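Just so you know, these numbers come straight off a predicted model, no measurement behind them. Position 1 is the first residue of the sequence; numbering continues from there.
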Amino acid sequence: MIDTYMDRLEHPYLFTLVPVAGLLFVLGVIVDLTGVAGPRYTDFVAGFLGLYAVVALIICALGYAALYSISFTTEALRQWRIDRSELD
């Protein structure tokens, strides 16, 4: 399965944050609906899990933005070098 990720995505381990965030969000909703943590701590635990889900998605988005900007600038620099070498 990791080979499929490697073929389609630039960094598969960064992409695994999406299902982790989904799992944390679902766990937060389950805790909030069932009240498993007790009446005092249910909102705290659900909010904590929701916060970590959002942080995981933000890290994933920032990581992919960094990867794409690095690949874009690398390609632009390569093209600039090719164009410059033809002038000489």
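Contacts classified as ring-ring contact (aromatic ring centres under 6.0 Å, His included) and involving residues 21-50 (residues at least two apart or in different chains) are given here: Phe48-Tyr52. For residues 29-58, there are no salt bridge (Lys or Arg N to Asp or Glu O under 4.0 Å) pairs, not counting sequence neighbours. For residues 46-60, the set of pairs meeting the salt bridge (Lys or Arg N to Asp or Glu O under 4.0 Å) definition, not counting sequence neighbours, is empty.
The two residues Gly28 and Ala46 come nearest to each other via the heavy atoms O-CB, 3.4 Å. Between Ile82 and Ser85, the closest heavy-atom pair is O-OG, 2.8 Å. In plain terms, the two heavy atoms of Val18 and Cys60 that are nearest each other are CG2-SG, 3.8 Å. Nearest heavy atoms, Leu17 versus Ile59: CD1-CG2, 3.7 Å.
Residues satisfying the side-chain contact (heavy atoms from CB on, under 4.5 Å) criterion with Leu62, sequence neighbours excluded, are Ile58. Checked against side-chain contact (heavy atoms from CB on, under 4.5 Å), Leu23 has the following partners two or more places apart in sequence or in another chain: Leu27. With sequence neighbours excluded, the residues forming a side chain to side chain donor-acceptor pair (under 3.5 Å) with Gln79 are Glu75, listed by chain and number. Remark: Ile70 engages Thr74 in a side-chain contact (heavy atoms from CB on, under 4.5 Å) (not counting sequence neighbours). Residues that satisfy the side-chain contact (heavy atoms from CB on, under 4.5 Å) test with Thr34, not counting sequence neighbours, are Ile30, Val36.
The hydrophobic cluster containing Val45 also contains Val20, counting ILVMFWY residues as joined when their side-chain heavy atoms lie under 4.5 angstrom apart, directly or transitively.
Side-chain contact check for Tyr68 versus Phe72: every heavy-atom pair is 4.5 Å or farther apart.
Under a 4.5 Å side-chain heavy-atom criterion applied to ILVMFWY residues, the cluster that includes Trp80 comprises Leu77 as well.
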